[in-house]
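Here is the structure we will look at.
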There are 2 protein chains.
Amino acid sequence: MEKYVYLFDEGNKDLRELLGGKGANLAEMTNMGLPVPYGLTVTTEACRLYFKENQCLNENIQKQILKGIKKIEEKTGKVLGDAESPLLLSVRSGSPISMPGMMDTILNLGLNDKIATALSNDEASRRFIYDSYRRLIMMFADVVKGKGKEEFEDYLTKYKEKKGVSSDLDLTALDMVQLTEAFKKIYRKLVRENFPDEPLLQLMQAITAVFRSWNNNRAIVYRQMNNISDSLGTAVNVQEMVYGNLSESSLTGVVFSRNPANGEDRLYGEFLIKAQGEDIVSGVRTPISIDRLEAERPKIYEELKGYSKLLERHYKDMQDMEFTVEDGKLYMLQTRCGKRTPAAALKIAMDMVSEGLITDKAGLMRLNPDDISATLHKSFDEKELSHKKPITRGLPASPGAVSGQICFSLEKVKEKYNKNISVILVREETSPEDIEAMKYASGILTVRGGMTSHAAVVARGLGKCCISGCGDIFVDALGGKMTVHGMSFQEGSYLSLDGSTGNVYEGEMAVCDISLSSELLKMIELAKKYKRLGVRANADLASDAKVAFEFGAEGIGLCRSEHMFFEKNKIFAIRKMILSMTDKERDEALSVLLGMQMKDFEELFKVADGSVVTIRYLDPPLHEFLPKTEEEVRDLAHGLKVSVDEVYKKIDSLKEFNPMMGFRGCRLSIVYPEIMVMQTTAIFKAAMRVQRHGIKVRPEIMIPLIGDVNELDYLKKIILDVISQIDKHGEINYKIGTMIEVPRSVTQASQLAKKVDFFSFGTNDLTQMTFGFSRDDAATFIDDYYQKGILKFDPFKTIDKEGVGKLMMVALKLARESNDNIELGVCGEHGGDSESIKFFDKLGLDYVSCSSYRVPSAILAAAQVEIAKN
Amino acid sequence: MEKYVYLFDEGNKDLRELLGGKGANLAEMTNMGLPVPYGLTVTTEACRLYFKENQCLNENIQKQILKGIKKIEEKTGKVLGDAESPLLLSVRSGSPISMPGMMDTILNLGLNDKIATALSNDEASRRFIYDSYRRLIMMFADVVKGKGKEEFEDYLTKYKEKKGVSSDLDLTALDMVQLTEAFKKIYRKLVRENFPDEPLLQLMQAITAVFRSWNNNRAIVYRQMNNISDSLGTAVNVQEMVYGNLSESSLTGVVFSRNPANGEDRLYGEFLIKAQGEDIVSGVRTPISIDRLEAERPKIYEELKGYSKLLERHYKDMQDMEFTVEDGKLYMLQTRCGKRTPAAALKIAMDMVSEGLITDKAGLMRLNPDDISATLHKSFDEKELSHKKPITRGLPASPGAVSGQICFSLEKVKEKYNKNISVILVREETSPEDIEAMKYASGILTVRGGMTSHAAVVARGLGKCCISGCGDIFVDALGGKMTVHGMSFQEGSYLSLDGSTGNVYEGEMAVCDISLSSELLKMIELAKKYKRLGVRANADLASDAKVAFEFGAEGIGLCRSEHMFFEKNKIFAIRKMILSMTDKERDEALSVLLGMQMKDFEELFKVADGSVVTIRYLDPPLHEFLPKTEEEVRDLAHGLKVSVDEVYKKIDSLKEFNPMMGFRGCRLSIVYPEIMVMQTTAIFKAAMRVQRHGIKVRPEIMIPLIGDVNELDYLKKIILDVISQIDKHGEINYKIGTMIEVPRSVTQASQLAKKVDFFSFGTNDLTQMTFGFSRDDAATFIDDYYQKGILKFDPFKTIDKEGVGKLMMVALKLARESNDNIELGVCGEHGGDSESIKFFDKLGLDYVSCSSYRVPSAILAAAQVEIAKN
């Protein structure tokens, strides 16, 4: 016969599906010999049957319950309905997947007039027992009969008013007796029958009520939101009541085996003396830190700590436990794996590995790669967050938390920065021109642009907090103010940005600082043991690269050489180059740039110290380098000795309708080969110089936006010519490769692969051109795409396997067929996304490259995908 | 033994490779019995051998030449070197592929002192013979000895000065004798030997000199430019001299068997009395029209006409002939297929079909589809063109020729238009907003944009002449002027545009008008018999569609529904829709638009009269519809009762970085489904109404820019809902399809094909996104791509088979695998390009669609590809 009822010593933690999480863990603890109030679990199978059989609890199940109750009575020496030694029960839900607070609970079950009277030994116990009794009546009316609690609570409130007291604690035993009588009357009025004084009847009705709560509205919605199947059903746990509110030597609490905020290996939690579990949750009384328990009830604390360690060792994970002390005796009421912050997750996993509690692999598999970068960023104090409402919300473009004064211009940002004031740069959008301001700012807030907009990419690269696409904001930079939902903020007002959620808050907020921890270093070390995929970093300057290598990068997979130009003196030189009217002028400007780039590359090669450095040649449209403000134009005209008009004319002539598909990438070097000559010269002169100082240099030259083998041939010849002039004896071990980012390059992969040493997929551009989505403009419609279920995910964040991924597969097949030794990587933002990394690993790519701050999470993801294979 | 020398009666026209074009045709004419001065051809094989054997004419060849000369002597009764009856010869080059003027010629060969004296019967003959003699000496020094003609010409000039005469004609017989003597001296001085008086020696040296001229500089350059192989070699034609300058009853001329400018079936050409062929080419004397020959020498004219007809019937093509009359006797010196204008080509081919001279298929195959549209456009008078220099040059975006006053604004254009003045709209670039101005203008000139820029596409659609991407021009619209290369043109100045070459001329020029000819109609009719591919037209309004059907379109393959909005009252309505702040406002605006679209569709369906009409839903980014000038903004704000600021704010909010990849296409309808509801309603209400009047309506609904099947599902449901409400009984026979223009749609073709009735490849966008080239911005770098040989053709004009074509093949394979009945077409500009049509036919597409004016050429191309298969 099917078993629908399990006594706690009949189950175990592996029966989660059948007994629910709570029931399985109560059984496990019982079998471990922990002091668990005895009880039984009615299975999820019984629940499913209950619904199948038209909401009728069949006799078989009823019989098994009765048999179970008998066992409980035997074990506890108490008897249900017996006045001398009554068994009082709690009836709680417990589904296979935790749905906290969604379903119903009934406590104190088994009470009736007879028992209440019998238990009233003195004033205190009488008050206690009638307090419990009147609660039972109310809960029963609410949960079992569906009549709600309102009338009961109204009555209680009025009663207290009449008595002139404000707290329940001020009510006497007599008050409780009177309230119980009154509640019975209300019950009769609402339910049109008497409150059942037969405990068994109470029990059966309570069990079916909990079953039914599986299908209450909030539970259904919760399941929809969390993708939990409706067919699971809930188990019901029937357990002997223990009372944390029985006496002064009673208490109740929740405790974590380790600190869930930072992972410290020390009990963490709260308790309340003379209280029930609900009191902690409700927040009526302020709980006391578990540390006080150590001081005040050291024996209890030690016992609890012992159980905690036992459970942790047993479950091999940090536990979140509920306990109650009834008259000095500790009972364990619940245990489960505890939720934790990313930082705590990291520390706990690594500590447990160190303690030998779990294996390397288990420690790594327990971490969520996408949470790892969060451990590298600041966050707001949890408490402050809990009572602040955001004024608006944008896209969480780069994690971190920052409070600062808003500024709209580089000048203002610098001015504040020099005064040591934290600044938030607020812009309609940012452009490469804004990099200087972004460097001085602590956070960036933009009105337009998506998760991979310029602001977002640069901010992530710089490790700065950024919220982009915050469309509710209207920036009036000239007027020195911004408005949002009718509120106006002057330049210099304080805002706070939470880059992990996209929330924007008014005013200053406290920030918790988290730095590169030993746990992270350990995680990186472990993960490297298991991963196959190489992980490189996108870093443009020596300082960025330094951070990247600290974070475990094995090389630089993308150095955007143009980013070296964005400092004041350099941008002037490149503007001169662009505006040159004669070849001679251009050559002069280029020779100035050459010196600057050489120095930058030297520093970069030194930091790389033997690792690969992949350098992408000048990529963005030239107009991005040109001045924007009138003042800048005047300065430039003056510096170049040309008229302001001429500068404007040039700016105008470089303007493009669709710059993303315009005069950029390798097209620049085809029209102006001298740029490529300069860049190659800078790389190889720097490489020779550094290598002669004993540091190996491994440059990989990467040509962007190639779509045809003729482009590659033309440019490669220029590069090889320069190299042969500088590196006459072949001292430098270099590679030449191309990006695959234009769909056409996919179709040409066979021819291209024959001529290069590597392919690097520029998945940002490839995604843009495959979808025909400009990443900067998609914000206007993409929300509708999500809402209407057309897009399930952001293709700029996670690789689109069905579309972009298919093109990648075509390119890879063609490439491998025509070049056995070709190195294959990804340098788009997807290189740092764990879901995408899984896919890239499957494709057999050699490496991914992502922004420095995402390197650890990429390393972890790369390890996980390998571990998961075994 | 290898035959290196062919007498004229030994060869024929099929030996072109061996005898060269001229030699083969001379042989052919000889065998046809035409009066050809007898001669021989030394083969190209001999030429190749000459070079192979270190520039030595071997004895075998020499012997064959001598044997040939003997035959000529027999045939003519004249003897080389004989004083009584001397044989005089011309020695001319003739390669298998015509290289006009590139190689050398020697005339009058065989003359020496003895013969010159003997031939001097009287003063006139003496003058004639010594004139010929002194020319021979000069030519020989130049061509055979490589000493140039300069010293000879200098001497002649000084001699005439001394004699006080200005023309050679004023020189006497004595002068010629003296000049001959002087030339001999100069020859001796330059060559350091005497001029050879042995005719056979002259001949052999002349033949090898002509061989050598195959490798002179200008011939080599010409072959490189025209992709002619260096290994072909030239033949040499040795032919008895006949003299058009011998007497007053001598003349020489060139004549076409039909008019090469317009195709008229009547001799066309020029002649000069008492002249040699060179005189016609040199332009020293003005030739006389061949019509005068009919009047003055009717017998000669009739004979010539007879030969002309004979040759035409023999060669089955229009002939370009050279002839000479020596002392009243007509000789034919050359015949070849004549070059002709596109209009003439069309008329000649169709006339010859009518005459039964060639078959339908041959007539069609003889035409160049890309020239056909030129026959539909005006062109400048050839004579005027020949002496005008363009002031600048842009891209030949839309053919035609137009002179007009330049204007920079709609107001000015309209003002002039209303005064019946032809106007050229000059713009930095055009936008859909400019359509009204473009309609009033006769021609369009833009500074930016390529062959498929907005200006170009619209202009071609409207059949207006357009030059785009004319980067040398600087437009100062506010200042009411433009400058180009330092020249300044005020608004109202006259310019002339040649849309077939891209040349821009100053001032007004005479234009030839060509209208839809009966030949074109015949060509369309014939071509339709043979073609497999369907040919539809891109037409947005009923008026466009009417033209399209006249030109043979079988349906409308692309009606850009938004173009219906670009008239003043309609654009106001759509602006209202875009700027609506509430749903109610938007609904109101849409209902106004609904009425307008319904009316437009009704007209269109009526014109289509049972043919398919493919309607593309709203496609361009919304900001394209918004006002641009301050005045327009004010008007709109007033009309909408909102502030000017609000209008600007909205315009600003719709601005995009890369509109081509932004909020456009089906994305508009996903965010604003009400637009799609309105358009579907308009289509079906119009269809029902027209169909109830007895005209069958076959709408094909086409959704643009689909990239994912979820988009399609979402939108198709909306469309079907609307249809089911309007067409309750399924009266309308419609199809629903999607464009394939985003690379991602290629990867999704399998899923998409299951849900639609047709795919239409939007090859313009597909090309843009596959290459990552914005068609409007590519002009900045594409020239370098051509110059550097990276691109061999314009991928926006001719489909890129290697890249875009491969993606198309993938999509087609996937589509056919999942939907047997799917209809497959192309509606990009490539649909009108013959090279692309070949490819589309090979892919097995069902139809192409192109702008109305390209329909005839598309039909022809579609026929040719089928004919070529057999």
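Proteins get letters first, then strands, A, B, ... in listed order; numbering begins at 1 in each. Bear in mind that the values here come from a model prediction, so they are computed numbers and not experimental data. Atoms considered below: every heavy atom in the structure, side chains included; atoms not considered: hydrogens, waters and symmetry mates.
Within the 4.5 angstrom heavy-atom criterion, only side-chain atoms of P673(A), from C-beta onward, approach chain B. Only the side chain of E429(A) comes within less than 4.5 Å of a heavy atom of chain B; its backbone N, CA, C and O stay farther away. Only the side chain of Y714(A) comes within less than 4.5 Å of a heavy atom in chain B; its backbone stays farther off.
How far OG of S653(A) is from CZ of R448(B): 8.0 Å, rounded to the nearest 0.5 Å. Between the NZ atom in K792(B) and the CG atom in D708(A) there is a gap of 9.0 Å [rounded to 0.5 Å].
In this structure, the side chains of T747(A) and L807(B) come closer than 4.5 Å at one or more pairs of heavy atoms. A 4.5 Å side-chain heavy-atom check between P743(A) and K806(B) finds every atom pair outside the cut-off. At least one side-chain heavy atom of I670(A) sits less than 4.5 Å from a side-chain heavy atom of I790(B). For the pair F474(A)/K649(B), a side-chain contact is recorded, criterion being any heavy-atom separation below 4.5 Å from C-beta on.
The two residues G662(A) and D777(B) make their nearest non-hydrogen contact at CA-CB, 4.1 Å. Nearest heavy atom pair, residue F781(B) against residue V671(A), reads CB-CG2, 3.6 Å. Shortest non-hydrogen contact noted between N658(A) and S774(B) is ND2-OG, 3.4 Å.
Looking only at heavy-atom pairs under 4.5 Å with chain B, the residue among P659(A), G707(A), A778(A) that has the most is P659(A). Your options are K655(B), E428(B), Q751(B), Q748(B), and the one with the most heavy-atom pairs under 4.5 Å with chain A is Q748(B). Ranked by heavy-atom pairs under 4.5 Å with chain A, the list M769(B), M661(B), K788(B) is led by M661(B).
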Practice task
Give the intermediate values and the outcome of side-chain contact (heavy atoms from CB on, under 4.5 Å) for residues D784(B) and R667(A).
Solution key: CA-CA 9 Å; D784(B) 276 80; R667(A) 298 161 197 171; over 6 Å; no
Practice task
Evaluate side-chain contact (heavy atoms from CB on, under 4.5 Å) for T780(A) paired with E656(B), printing each intermediate quantity in order.
Solution key: CA-CA 10 Å; T780(A) 30; E656(B) 294 185 306; 4.1 Å; yes
Practice task
Give the intermediate values and the outcome of salt bridge (charged side-chain N to carboxylate O under 4.0 Å, His left out) for residues R744(B) and D800(A).
Solution key: CA-CA 10 Å; R744(B) 195 172 190 279; D800(A) 159 42; 2.6 Å; yes
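Cation-pi geometry between R775(A) and F657(B) is not satisfied (NZ or CZ under 6.0 Å from the ring centre, within 45° of the ring normal).
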